[in-house]
Amino acid sequence: MPFKRQKSNVSPHYHDTRTLLRKYRDVIWNLGVSDLDLQEEFKAEYGLSTDALFVDSEVNKSGNRLENYARALERSKKMMQIIDTAIDLMRRKHKKGEFYYWILYYAYLSPQQCENAGAILQALESKGISISLRTYYVHRDEAIEVLSSILWGYTSQDCEKITNLLTPD
């Protein structure tokens, strides 16, 4: 008899956060590569560093391809800063924050992805966290739920402030 997945009672934000975490490493990598590409392209085209992009009036024309690319990259970096700030807030303020942080770190945030859950458990053990595989999955889901409440639990007024941070002046 094939395994039948039960319908989850977990909030839909939980799944959004899990997807976000699964893509975290790739996004960080792509932002780094895109930043380097932009710097090289800008230097080749204008002979300037990207720091001058928003200062030099000759280059800073509406619709400029490199300017638009730089602004999109900057918005993406700001979004990642919001995620990193939420993770840091969870780590510092939640009663199980440090514990949850290390679980999320090895599962999703570390630069090198662990091969499997066993490798994550070994990495956690090196931090003095000794848990079973089943317990790991329970706590990982709890950690994602806590992070979810930080990321998505804002009032609409708070969301407007955050959205304004992501849009250029």
Visitor: Decide yes or no for Tyr106 and Gln122: does some side-chain heavy atom of the first lie under 4.5 Å from some side-chain heavy atom of the second?
Guide: no
Visitor: If you measure from SG on Cys114 to CD1 on Ile120, what distance do you get to the nearest 0.5 Å?
Guide: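 Rounded to the nearest 0.5 Å, the SG-CD1 separation comes out at 5.0 Å.
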Visitor: Please tell me if the side chains of Ile82 and Lys78 come closer than 4.5 Å, counting only heavy atoms from C-beta onward.
Guide: no
Visitor: Under the 3.5 angstrom rule, does the side chain of Ser132 hit a backbone N or O of Thr135 as a donor-acceptor pair?
Guide: yes
Visitor: Can you confirm whether Ile28 sits close enough to Asp26 that some side-chain heavy atom of one is under 4.5 Å from a side-chain heavy atom of the other?
Guide: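 In short, these two side chains do not touch, never coming nearer than 4.5 Å.
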Visitor: Should Tyr101 and Val138 be counted in the same cluster of Ile, Leu, Val, Met, Phe, Trp and Tyr side chains packed under 4.5 Å apart?
Guide: no
Visitor: Contact between Trp29 and Pro111 at the side-chain level, heavy atoms closer than 4.5 Å - yes or no?
Guide: no
Visitor: With salt bridge (Lys or Arg N to Asp or Glu O under 4.0 Å) as the rule and sequence neighbours excluded, what pairs involving residues 94-103 come up?
Guide: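 For residues 94-103: Arg91-Glu98.
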Visitor: Does Lys77 have any side chain to side chain donor-acceptor pair (under 3.5 Å) partners at least two apart in sequence or in another chain, and if so, which?
Guide: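 Lys77 satisfies side chain to side chain donor-acceptor pair (under 3.5 Å) with Asp35 only.
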Visitor: Nearest 0.5 Å please: distance from the CG atom of Leu151 over to the CD1 atom of Ile144.
Guide: 11.5 Å
Visitor: Without hydrogens or angle criteria, can the side chains of Arg18 and Ser148 be said to hold a donor-acceptor pair below 3.5 Å?
Guide: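 Side chains of Arg18 and Ser148: no pair found under 3.5 Å.
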Visitor: If you compare all heavy atoms of Val146 against all heavy atoms of Ser149, which two are closest, and at what distance to 0.1 Å?
Guide: O-OG, 2.6 Å
Visitor: How many angstroms lie between CD in Glu41 and CG in Leu36, if you round to the nearest 0.5 Å?
Guide: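 It is 12.5 Å, given to the nearest 0.5 Å.
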Visitor: Flag the pair Leu147 / Leu21 as yes when at least one side-chain heavy-atom distance between them is below 4.5 Å, and no otherwise.
Guide: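 In contact.
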Visitor: Taking it one step at a time, do Ile131 and Ile129 satisfy side-chain contact (heavy atoms from CB on, under 4.5 Å)?
Guide: CA-CA 6 Å; Ile131 56 176; Ile129 301 169; 4.2 Å; yes
Visitor: Classify the ring geometry of Phe99 against His139: parallel below 30°, tilted from 30° to 60°, perpendicular beyond 60°.
Guide: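 Aromatic pair Phe99/His139 classed perpendicular.
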Visitor: If I take atom CG from residue Asp141 and atom OH from residue Tyr136, how far apart are they, to the nearest 0.5 angstrom?
Guide: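 Between atom CG of Asp141 and atom OH of Tyr136 there are 9.0 Å.
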Visitor: Ignoring hydrogens and geometry beyond distance, is a side-chain donor-acceptor pair present between Tyr24 and Asp84 at under 3.5 Å?
Guide: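 On atom types as modelled, these side chains qualify, holding a pair under 3.5 Å.
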Visitor: Evaluate whether atom CZ of Arg92 has more than 12 neighbouring non-hydrogen atoms of other residues, nucleotides or ligands under 6.0 angstrom away.
Guide: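 Enclosed: over 12 neighbouring heavy atoms sit under 6.0 Å from CZ of Arg92.
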Visitor: Considering only heavy atoms from C-beta outward, does the side chain of Ser110 approach that of Arg25 to under 4.5 Å?
Guide: yes
Visitor: So do Leu104 and Met90 actually touch side chain to side chain, heavy atoms under 4.5 Å?
Guide: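 Contact flag for Met90/Leu104 side chains = yes.
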Visitor: Distance from Thr17 atom OG1 to Arg22 atom CZ, nearest 0.5 Å?
Guide: 11.5 Å
Visitor: Using a strict cut-off of less than 4.0 Å between a Lys/Arg side-chain nitrogen and an Asp/Glu carboxylate oxygen, indicate whether Glu67 and Arg71 qualify as a salt bridge.
Guide: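 Answer for the salt bridge query: yes.
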Visitor: Taking the side chain as every heavy atom from C-beta outward, state whether Ile83 and Ile87 have any pair of such atoms under 4.5 Å apart.
Guide: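 A side-chain contact exists here, since the closest heavy-atom pair is under 4.5 Å.
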